[in-house]
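None of the values given here were measured: they were computed from a predicted structure.
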Amino acid sequence: LIGCYSTVFPDGREYIWQELDSALVADKWYRLRFKVSLADSLNYAIKGIGGLLSIQDTRYWDKYDFFNIPSMISGMEGPQVEFTDSVISDKEGWVEISGVFMANGGEKYLTIGSFNTDVDEEIERISNHPFTTFEKDESAYYLDNVILEEVSEPSGIEEPKVTDFSIYPNPANELVSLDFSLRQAQG
């Protein structure tokens, strides 16, 4: 069970962590996939659950910051695989999260959870269970069937996603500039 949001602990998160048997190889393609299901009787659902493969051991990033990995990866490249299609509110079935990425090389640690801060996360109240403890006012997900595998180079052209952009100057009279960053489409 992964705690992904709490109204009691701002940016409080829990993560599943695993050291890999061997490090990923630079410039090789990998697919990470896993399934999640929202835990019963919780009031909130979120959108951004993902998997981060890192060179650094993430187990201790939160040692002094109560499971606050979102602030620890600030300024770093985010998770290689992240579900951003919609809020994951399914309590009966499983939602598969999957993505293909090229390794930088040396990634030896897999961390799964929500890497967004509360401000950056899409959070939806999905029920109003009465409070018997503060734990109902959070979002947590069951995790199943985690697979990390090397794959051949993806075939076809994958459409990039624009993840951040700015237009300036604003307001403008004639010419405007557009700055944007791209992220590999998940698939």
Q: Tell me, please, which residues at least two apart from Lys35 pass side chain to side chain donor-acceptor pair (under 3.5 Å).
A: none
Q: Identify the heavy atoms of Ala45 and Ser139 that sit nearest to each other, and give their distance.
A: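 Smallest interatomic distance, heavy atoms only, reads CA-OG, 3.8 Å.
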Q: Grab the two heavy atoms, one from Lys91 and one from Ile126, that are nearest each other, plus how far apart they are.
A: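 In terms of heavy atoms, the two residues are closest at CE-CD1, 3.9 Å.
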Q: As an exercise, state the distance from CD1 of Ile49 to OG1 of Thr84, rounded to the nearest 0.5 Å.
A: 12.0 Å
Q: Restricting to non-hydrogen atoms, name the atom on Gln56 and the atom on Tyr109 that form the minimum distance, rounded to 0.1 Å.
A: O-CD1, 3.3 Å
Q: Could you walk me through whether Val146 and Ile16 pass side chain to side chain contact (heavy atoms under 4.5 Å, CB included), step by step?
A: CA-CA 11 Å; Val146 178; Ile16 299 292; over 6 Å; no
Q: When rounded to the nearest 0.5 angstrom, what distance separates CD1 in Ile123 from NZ in Lys47?
A: 11.5 Å
Q: Tell me whether Tyr15 contacts the main-chain N or O of Ser114 through its side chain, where contact means a donor paired with an acceptor under 3.5 Å.
A: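 Yes, because the side chain of Tyr15 sits within donor-acceptor range (under 3.5 Å) of the backbone of Ser114.
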Q: Is Glu149 paired with Arg33 through a side-chain N to carboxylate O contact shorter than 4.0 Å?
A: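 Counted as a salt bridge, because a side-chain N and a carboxylate O are separated by less than 4.0 Å.
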Q: Taking Lys108 for the side chain and Leu20 for the main chain, is one N or O donor matched with an acceptor at less than 3.5 Å?
A: yes
Q: Donor-acceptor pair, Ser37 side chain versus Trp94 backbone, under 3.5 Å?
A: no
Q: Would you say Val95 and Val87 are hydrophobically clustered, going by side-chain heavy atoms of ILVMFWY under 4.5 Å?
A: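 No, no single cluster joins them.
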Q: Quick check: closest heavy atoms across Tyr44 and Arg125, and the distance to 0.1 Å?
A: OH-NH1, 2.6 Å
Q: Any idea which heavy atoms bring Val25 and Tyr30 closest together, and the distance?
A: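 Closest pair (atom of Val25, atom of Tyr30, distance): N-OH, 3.0 Å.
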Q: Once side chain to side chain donor-acceptor pair (under 3.5 Å) is applied, do any residues pair with Asp120, and if so which ones, sequence neighbours excluded?
A: Thr117
Q: Once rounded to the nearest 0.5 Å, what's the spacing between atom OG1 of Thr111 and atom CH2 of Trp17?
A: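 Reported value, rounded in 0.5 Å steps: 8.0 Å.
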Q: With a 3.5 Å distance limit and no angle check, can you tell me whether Tyr141 reaches the backbone of Ile88 through a side-chain donor-acceptor pair?
A: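 Yes.
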Q: Just verifying a value: how many Å separate Ile55 CD1 and Leu24 CG, rounded to the nearest 0.5 Å?
A: 9.5 Å
Q: In Å and rounded to the nearest 0.5 Å, what is the CG to CD1 distance from Leu143 to Ile2?
A: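 Going from CG on Leu143 over to CD1 on Ile2, the span is 4.5 Å.
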Q: Measuring from atom CG of Asp144 to atom CD of Glu96, what distance do you get when rounded to the nearest 0.5 angstrom?
A: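 CD of Glu96 is found 11.0 Å from CG of Asp144.
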